[in-house]
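In this text, all values refer to a predicted model and were calculated from it rather than measured experimentally. All values below were derived from every heavy atom in this structure, side-chain atoms included, with hydrogens, water molecules and symmetry-related copies excluded.
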Amino acid sequence: TGAAFFDVDGDGFTDRVVIHLTEGASGDHGPSGDGLIVTTGGPGRLTHVDGDGIYGIIEARHPHQGDGNYDGNLDVYVVPTLGGIPTRVTNHGMNDRLVDWYPDGNAVLYAASMFSGRQRFNQFFRVAPTGGLPAQLPIPFGEFAAISADGKRVAYTPQSQAFRTWKRYRGGWAPDIWVFDLTNNTAQNLTNDPSNDEFPMWHRNKLYFLSHRGPENRFNIWSYDFD
């Protein structure tokens, strides 16, 4: 399950907002994943799919985007925010995992291993929500990311332990949050900490992320202020 909150009109209050992807019981065609949208007018079902609906990201002015497994591997699909028939965006045989919308709504960012030569690491690609040929970003490795509001920076993790049960892990595979400047093609290790730092998210000029750091050694929300 997951949730996201959006201030659509910029008044500082959440108008829209929760996208909640649920995972149902397994059936003949695998587990089902549904999207729920909650607005100030109340909740409503966004999707009802017979298959794997795993990741979903809503863009406030544009259709909902998510991952689905209909043909044996994950691909990116787009569906209207009020519900409807999904339209396939990616078509490669490797898994394509949705990462983020671009701020202008004209492209989505996803991670895939189609050019990496092996399935142990992914790279980032940009593609229009209507589909077409993707463009690879100049970032060597990438798993999860968030694009800044001006579209000039990408906060990302080159690796991730999000799918492992490695609580309090402090080894060499612990991910850090990096920031890649798309203007001059430079990267900076922002957190550089022995703990697991995951799932970056921008809000204005502040970057939020999850981390195991701190005396409690448990995941909590941390932030980095660029101002």
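- The two residues Ala162 and Phe144 come nearest to each other via the heavy atoms CB-CE1, 4.1 Å.
- Checked against the 6.0 Å centroid criterion, the rings of Phe141 and Trp178 do not qualify as a close aromatic pair.
- Annotation: side chain of Thr191 is not in contact with side chain of Trp222 (no heavy-atom distance under 4.5 Å).
- Closest approach of Ile177 and Ala155 over heavy atoms only: CG2-CB, 4.4 Å.
- The main-chain N or O of Asn122 is found under 3.5 Å from a side-chain atom of Glu143 such that the two form a donor-acceptor pair.
- Using a 4.5 Å cut-off between side-chain heavy atoms of Ile, Leu, Val, Met, Phe, Trp and Tyr, with links allowed through other members, Tyr156 and Tyr224 fall into different hydrophobic clusters.
- Considering only residues two or more places apart in sequence or on other chains, Gln159 meets the side-chain hydrogen bond (donor to acceptor under 3.5 Å, both in side chains) condition with none of them.
- No side-chain heavy atom of Asn95 sits under 4.5 Å from any side-chain heavy atom of Ser113.
- None of Arg97, Arg88, Met94 except one satisfies the side chain to side chain contact (heavy atoms under 4.5 Å, CB included) rule with Asp75; the exception is Arg88.
- Follow the hydrophobic side-chain contacts under 4.5 Å out from Val76 and you reach Val78 in the same cluster.
- Among the candidates Phe115, Tyr110, Phe124, the single residue satisfying the side chain to side chain contact (heavy atoms under 4.5 Å, CB included) test with Pro134 is Tyr110.
- With contacts defined as side-chain heavy-atom distances shorter than 4.5 Å, the pair Lys152/Leu182 does not qualify.
- In this structure the side chain of Leu137 reaches within 4.5 angstrom of the side chain of Leu109, judged on heavy atoms.
- Within the model, atoms OG of Ser223 and CH2 of Trp202 stand 12.0 Å from one another, a figure rounded to the nearest 0.5 Å.
- Phe226 has its side chain within reach of Leu190: a pair of non-hydrogen atoms, C-beta onward, lies under 4.5 Å apart.
- Of all heavy-atom pairs between Pro158 and Asp176, the closest is CD-O, 3.6 Å.
- For the atom pair CD1 (Ile139) and CG (Asn185), the distance works out to 9.0 Å, reported to the nearest 0.5 Å.
- Taking both residues in full, the closest heavy atoms of Arg170 and Pro194 are given as CD-O, 3.3 Å, listed atom of the first, atom of the second, then distance.
- Counting all heavy atoms, side chain and backbone alike, Gly105 lies closest to Pro129 at O-CG, 4.0 Å.
- Across every non-hydrogen atom of Ala128 and Val89, the tightest pair is O-CG1, 3.4 Å.
- With hydrogens and angles disregarded, a donor-acceptor distance shorter than 3.5 Å links the side chain of Glu198 to the backbone of Gln161.
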Indicate every side-chain donor-acceptor pair of residues 205-214 with a distance under 3.5 Å to a residue at least two apart or in another chain.
from	atom 1	to	atom 2	distance (Å)
Asn205	OD1	Arg153	NH2	2.8
Asn205	ND2	Asp227	OD1	2.7
Ser211	OG	Ser195	OG	3.2
Ser211	OG	Asp197	OD1	2.6
Ser211	OG	Arg213	N	3.1
Ser211	OG	Arg213	NE	2.9
His212	ND1	Asn196	ND2	3.2
Arg213	NH2	Asp197	OD1	3.2
Arg213	NH2	Asp197	OD2	2.8

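- Under the 4.5 Å side-chain heavy-atom criterion for grouping Ile, Leu, Val, Met, Phe, Trp and Tyr, Leu133 is not connected to Phe125 through any hydrophobic cluster.
- Open room surrounds CZ on Arg218; 12 or fewer heavy atoms of other groups in view lie less than 6.0 Å from it.
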